[in-house]
Amino acid sequence: MRIFIGVAWPYANGPIHLGHIVGAYLPADIFARYQRMQGNEVLMVSGSDEHGTPITITAEKEGKSPQEIADRYHKINSEVMEKMGISFDLYFRTSHPHHEEVVKEFFLRLWENGYLYKKKMLLPYCPKCNRFLPDRYVVGTCPYCGYENAHGDQCDNCGRMLDPKDLINPRCAICGTPTEFRETEHIFFALSKLEESILKWIRDKTYWRDNVIKFTRNFVKGGLKDRAITRDLEWGVEVPLDGFDDKRIYVWFDAVIGYLSASIEWAKQNNKDWEVFWKDKNTKHYYFLGKDNIPFHTIIWPAMLMAHGELNLPYNVVANEYLRFSGEKFSKSRGIGVWMPELLENFHPDIIRFYGTVNMPENRDSDFTWDDFVQKVNEELIDKFANFVHRALIFAYRNFGEIPTRGEVDEVDREAIKTITQTLKKMNEYMDNVELKKAFKEWLNLARYGNVYFDRKAPWALCKESREKCATAINISLQIVQALAVLGAPFLPFTSERIWKFLGNEDSIFLHRYTEAIKNLQVGKKLNKPEVLFEKIKREEERYEKWEQIDLRVAEVESVEDHPNEDKLYVLRINLGNEKRTLIAGLKRFYKKEELFGKKIIIIANLEPANFRGVKSEGMLLAGEDDTTVGFLTPQGNVPLGSKVQANGIQSNPKGILKFKKFQKMKMEVVNIEKENGRIVAKGNKDYAIDFKVPEDWIGKQGVVFIDKKPLILHIGDILIAPVKYVKPGGKIR
RNA sequence: AGCGGGGUGGGGUAGCCAGGAAAUCCCGCCGGGCUCAUAACCCGGAGAUCGGUGGUUCAAAUCCACCCCCCGCUACCA
């Protein structure tokens, strides 16, 4: 059987992140590898989507050409795919001339078949930006659901496809100027003509995933409208008709054709036949993508293929939900998430693939957290699986050096063999159904079972008793190891390959069939010296390097004197509980002596001492200031003198004194602590999300944040540190 | 507000669409075993009125209705 696998094309406007991998490329690759090991002929393609306005905008920002931007990210993302072991037959790109040719041919064919037509239309034009706006760059109110920030192409709220002119109060998404509509001529795709056919086609796709069916039905409900497939742009595929020199084919039309162009290119490069993949009705087409891409793959692309007339339609569209990062959406601009190039620098691809599979958002959004990542990898992948493989292999290697003979088997042995067989069977079922997580769970169970079997047989003791029995136990243990390697190969290709070698094989595991997981080992085959498969991930404690250097403490002012030689300064005598110090403070313009006397203040206790005109200051008092007010910091409740200030519950523990210069580099700000949508936000110069459990009574109060890797709020236990009087949020601390 | 997801032993989850005997797995906790292995492994135990209320049914975590609570999205981006 032949299987075509198309994976949504990542946009070449930035490096891809873990969400992309886990939501599309990894599941696709697992499926592809599995199908190949089932003996099917697989063609899997994807590539960089390099056209479209966002790239031109990035290019403008950086003063580069769109091609340069596309080149950069195409390279980066190709490397990511390669390193992750995503086994594309071709990872193509839409700016490739061959792709453009295919798009034009496709276009002309649709034109000839009567599915494209010219139409003069009024398009949104931003008088300020001086250009026609792409659909996505027009925002306004959705006519269907009333959502105010609907984009011109699609309402993100109700999911309906829109045309910019449907929007109420359209405005430019870039500058906010109300848009004008100017006349221009464009090519339309007669989607409406195909509505019936699409509905009919969808009807029997009951085996699709729930989310895909639901989303698609919902989408078609509103009726299919003809869509313009050209834009007033310069960056994109040219329109192969006269009079359209200043227009380009729109990305959504262009990018999906990539599946075809990449197939053709692959055939060309490898001297293969692409047509059997696209025209032979027995070839099944699978598409892997994130949920936002569903309508393009269940409606538009199929409609385009229908209009084309002789190409295969999708058999299954496998859409995943989103992977969130600590509960938030991945966001480049906010720096939330993990990006692949960086992740790959720190972790073995199979570790990423393991976690990606275990936490795959197959049916619902899932959440990435570092804690969970470390725990799952260490405890499930390494402790359970890798350790079992290693203990079995090293035992075999040391005691036999080859695959030992399987002698007479007992109950326990029979059960083990049965477990292997059943695992294969179950995994086959799940994999055929594209239920990757379930399949993988079976695999993990087998690894767990391996330990159980090994323990039950206790070969270390058995060997002393009977070498023959021990050999049998080890033979079967290695049988489990082999099964794990073969069955796990689609998921952890690199590791499976290694284990395969340890088992004494010379060739690649991928030359073998999935069913060989249960094949009897060749007795007497020399084993290779096993190595540890993975080092455990060290759980790195969160470190706040800046905060750790400063020692803030509570002190009480015992006396206030004028500085003898400098009339802006006070000389304070302060009590730190077990210690008294002299401090210089520049508060004379803002506070009278009696306003300071007896007050609790916050001082930097480990600041390098400094001389102010003959008086030595042993520390520094902290105050928040805006342009009119200075409010010294003070604990909002009773705390013992000398108490150490904490930040998000973290005690600083500075080793030495803090240089004044270093202190100057530290950022502290006055903030208003508020609760928004259930989370705590500290509003200063900007909104700081506080991920620290804050007592209810702090909400609505002022506080102080210390900016480290993330904003830390200052307190002592339940007592908040804040300016003694209201200072505008964002006020600096000095 | 709209849309989407969720509320299952201390934490994180599976099961729910196709209702049925002991509710899954990981971590944690308690007790035991083992010492071959990456302080890894194995066994046993405590611990859940499956968010609430009402309904359908011989039978509901699972179906229906209503309610409560959480979270996400509504910025380029799977």
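Everything numeric in this text was worked out from a predicted model, so none of it was measured. Residue numbers start from 1 in every chain, and the chains themselves are labelled A, B, ... in the order their sequence lines are given, proteins ahead of strands.
- Taking atom C1' in both B:rC69 and B:rA23, the straight-line distance is 24 Å, to the nearest Å.
- On the P atoms, B:rG31 is 24 Å away from B:rU24, given to the nearest whole Å.
- Neither OP1 nor OP2 of B:rC17 sits under 4.0 Å from any side-chain N or O of A:Arg209.
- The residue A:Pro54 sits close only to the backbone: its heavy atoms come under 4.0 Å of sugar-phosphate atoms, none of a base.
- B:rG72 and B:rC25: their C1' atoms are spaced 26 Å apart (whole Å).
- A side-chain donor-acceptor contact under 3.5 Å links A:Asp413 to the backbone of A:Asp410.
- At a threshold of 4.0 angstrom between heavy atoms, the contacts of A:Leu289 are confined to the sugar-phosphate backbone, with no base atom among them.
- Around CD of A:Glu62, the count of heavy atoms belonging to other residues, nucleotides or ligands within 6.0 Å exceeds 12.
- Applying the Watson-Crick and G-U wobble criteria (two distances, each under 3.5 Å), B:rG44 pairs with B:rC30.
- Shown here, B:rU24 forms no base pair; nothing in the strands shown gives a Watson-Crick or G-U wobble contact with both key distances under 3.5 Å.
- Rounded to an integer number of Å, the gap from A:Trp252 CH2 to B:rC77 P is 16 Å.
- Nucleotides B:rC64 and B:rG20 have their P atoms positioned 15 Å apart, rounded to a whole Å.
- If you check B:rA40, B:rC34, B:rA78 against the side chain of A:Asp383, the one that comes closest is B:rA40.
- The side chain of A:Val452 has B:rC43 as its nearest neighbour among B:rC36, B:rC43, B:rC77.
- Here A:Lys425 does not pair with A:Glu442 in a salt bridge; the nearest charged N to carboxylate O distance is not below 4.0 Å.
- In this entry the distance linking CD of A:Glu380 with C1' of B:rC26 reads 5 Å, nearest Å.
- Neither OP1 nor OP2 of B:rC26 sits under 4.0 Å from any side-chain N or O of A:Lys441.
- If you take CE of A:Met84 and C1' of B:rA78, they are 14 Å apart, rounded to a whole angstrom.
- Between the C1' atom of B:rC25 and the CG atom of A:Asn451 lies a distance of 15 Å, rounded to the nearest Å.
- Between the side chain of A:Trp208 and the backbone N or O of A:Val318, no donor-acceptor pair lies under 3.5 Å.
- If you check B:rA18 for Watson-Crick or wobble pairing at under 3.5 angstrom, you find it has no partner at all.
- Heavy atoms of A:Gly14 sit nowhere under 4.0 angstrom from any nucleic acid atom.
- For A:Asp49 and A:Arg93, the salt-bridge test fails: no basic side-chain N is under 4.0 Å from an acidic carboxylate O.
- Using a 4.0 Å heavy-atom cutoff across all strands shown, A:Asp365 reaches no nucleic acid atom at all.
- Comparing the P positions of B:rG19 and B:rU49 gives an interatomic distance of 25 Å, to the nearest angstrom.
- Aromatic rings of A:Tyr91 and A:His74 (six-membered ring for Trp) have centroids within the 6.0 Å cut-off, being under it.
- For the pair A:Lys536 and A:Asp383, the salt-bridge criterion is met [side-chain N within less than 4.0 Å of a carboxylate O].
- With B:rC76, B:rU35, B:rU38 as the candidates, the nucleotide lying closest to the side chain of A:Lys536 is B:rU38.
- Among the heavy atoms of the strands, none lies under 4.0 Å from A:Ile57.
- Across all strands, A:Ala8 comes closer than 4.0 Å only to sugar-phosphate atoms, never to a base (heavy-atom distances).
- Here the nucleotide nearest the side chain of A:Arg391, chosen from B:rC41, B:rU38, B:rU35, is B:rC41.
- The phosphate of B:rC41 has OP1 or OP2 within less than 4.0 Å of a side-chain N or O from A:Lys384.
- Comparing B:rU56 with B:rA14, their C1' atoms are spaced 27 Å from each other, to the whole Å.
- Residue A:His390 has its side chain nearest to B:rA37 when only B:rA37, B:rA78, B:rC42 are considered.
- Here the side chain of A:Arg364 is nearest to one of B:rA14, B:rC41, B:rU38, namely B:rA14.
- In this structure, B:rU56 forms no base pair with any nucleotide, since neither Watson-Crick nor G-U wobble geometry is met with both distances under 3.5 Å.
- What separates CD1 of A:Ile86 from P of B:rA78 is a distance of 17 Å, to the nearest Å.
- Sulfur-sulfur distance for A:Cys126 and A:Cys172: not below 2.5 Å, with no disulfide indicated.
- Comparing the C1' positions of B:rU53 and B:rC3 gives a spacing of 27 Å, expressed to the nearest Å.
- Nucleotides B:rC36 and B:rG45 place their C1' atoms 27 Å apart, quoted to the nearest Å.
- B:rA1 is paired with B:rU74 under the criterion used here, namely a Watson-Crick or G-U wobble arrangement in which both key atom distances are under 3.5 Å.
- Atom CG of A:Leu462 is separated from atom C1' of B:rC36 by 12 Å (rounded to the nearest Å).
- Between the NE2 atom of A:His17 and the C1' atom of B:rC76 there is a distance of 10 Å, given to the nearest Å.
- Comparing A:Ala458 and A:Glu535 along RNA chain B, the residue whose closest nucleotide (by nearest heavy atom) sits nearer the 5' end is A:Ala458.
- At a threshold of 4.0 angstrom between heavy atoms, the contacts of A:Phe534 include nucleobase atoms, whether or not backbone atoms are also involved.
- Among the nucleotides B:rU38, B:rC36, B:rG4, the one closest to any side-chain atom of A:Phe395 is B:rC36.
- Note: A:Phe354 and A:Phe385 fail the aromatic proximity criterion, with ring centroids not under 6.0 Å apart.
- At whole-Å resolution of the value, CZ in A:Phe454 and C1' in B:rA37 are 7 Å apart.
- Toward the 5' end of RNA chain B, the nearer of the two residues A:Arg456 and A:Gly290, judged by each one's closest nucleotide, is A:Arg456.
- Among the protein residues, A:Leu533 comes within range of the nucleic acid bases, having at least one heavy atom under 4.0 Å from a base atom.
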